[in-house]
Amino acid sequence: MPHYIAKKIAQIAPMLEEALVDLFELHRDELVALDTVDGISFDIIPSAYQTYAAISFRQQSDYLSMDPYNEDRALMYSPGDWEYYSLLEYRTCRSEKFREAAKYIFRIFEEIYEEVGEYDGIQQDINHLLYSSIAEGAMQRSVAAKLQECGVDAPIIEYRFQYGFDYMVMDVDSPTLFNYCDLVVADRMTKMADKKLIDTAFYKMDIKSSPEKELKEIEAVFDAFLIKHDFKLKSSGIQEIVYENEYSKLLFDFDNYGTRWGYMAPPAILYINTATGKRYSVASLLEKLFFTDFEALFNNYFRIKEFGYYESYHKIITGYLENIMNDRAFSWAEGLK
């Protein structure tokens, strides 16, 4: 699809949003006169065979039988069977903006149709692009707010599904019933959830692209420490990086810490006394250094000083390691120079 058509499709939502607000304002009297509304269908149909644009309003009486607990769900999503089907139709409405928005959508459909030539093979693809944009325009806050001003109890739905009221944009040519307004809400929920996760420490971890990159990260953080205690690089691999001096090893163990999942979690850092074979992990130091408030230290680096998660973690660990290397209470300490 040509790039210029993609740009035109991107204009559908903002243009339709403005048109709907104008349409509802100009037909305020008709909307105020409606009984309780619990659904709205935006029936904008671009097609190779017909074009049509109207707004339909659903009431409970459109789908409830005499038994209030027995609803006909097929009728709930069948605007043609509602009493107020096509209440506001683009050819007869007072809103020139709505008329122009509808014609704009029809013209884009025609351009795509003429460009691709074979309509039947990609009909659903074309409809998906257009109906998604129509639903995005219909699901804007300003549209719901204007409906509320006009006496329609239409909720503002953004990042959570709400029950009891339906916004509907449906592809009448689809073999299955599908509401594009639900797609818009689901997409917004996904983006919001993703943003929240990115804002957490879990997703601020550095991406592990290669052992070489991680080696540079470690040396950038621990350089002074490694030099001070005469540590030399022994090996560097995808799951561990090892330094050693005359009496000990310092092992950064990435195994089971996210390398299999595509992100970089903090490595397990082990200090190994080569004389005794005793291993000390960072976690085991917490009880030894009981005066240290680990959480407060982390928050100082990560939240107050705004270091990255990885760097904040290692700044704390560097302090722990310095304590180990200088603590004569450990059995291997006699090996220190």
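Please read all numbers here as calculations on a predicted model, not as lab measurements.
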Have Thr190 and Asp187 got a donor and an acceptor in their side chains that come within less than 3.5 Å? no
Do you see a donor-acceptor pair shorter than 3.5 Å between the side chains of Tyr77 and Asp166? yes
Taking the side chain as everything from C-beta on, heavy atoms only, tell me whether Asp38 gets closer than 4.5 Å to Gln60. yes
Got Ile55 and Phe98 here, is their nearest side-chain heavy-atom distance under 4.5 Å? yes
Phe109 versus Thr51: any side-chain heavy-atom pair under 4.5 Å? no
Go through the steps for Glu25 and Lys97 under the test salt bridge (Lys or Arg N to Asp or Glu O under 4.0 Å), then give the verdict. CA-CA 12 Å; Glu25 176 59 35; Lys97 289 185 178 181; over 6 Å; no
Donor-acceptor pair, Tyr90 side chain versus Ala101 backbone, under 3.5 Å? no
Lys146 with Glu17: basic N within carboxylate O range, under 4.0 Å: no
Heavy-atom side-chain contact between Tyr131 and Ile44 under 4.5 Å: no
Are any side-chain N or O atoms of Arg99 and backbone N or O atoms of Cys93, one a donor and one an acceptor, separated by less than 3.5 Å? yes
Non-hydrogen side-chain atoms of Leu183 and Ser132 separated by less than 4.5 Å: yes
Among Asp153, Val152, Leu31, whose side chain to side chain contact (heavy atoms under 4.5 Å, CB included) with Val37 holds? Val152
Under a 4.0 Å threshold between the charged nitrogen and the carboxylate oxygen, would Arg107 count as salt-bridged to Glu110? no
Do the side chains of Met170 and Pro79 get nearer than 4.5 Å, heavy atoms only? yes
Using 30° and 60° as the class limits, which term best fits the ring planes of Phe42 and Tyr167: parallel, tilted or perpendicular? parallel
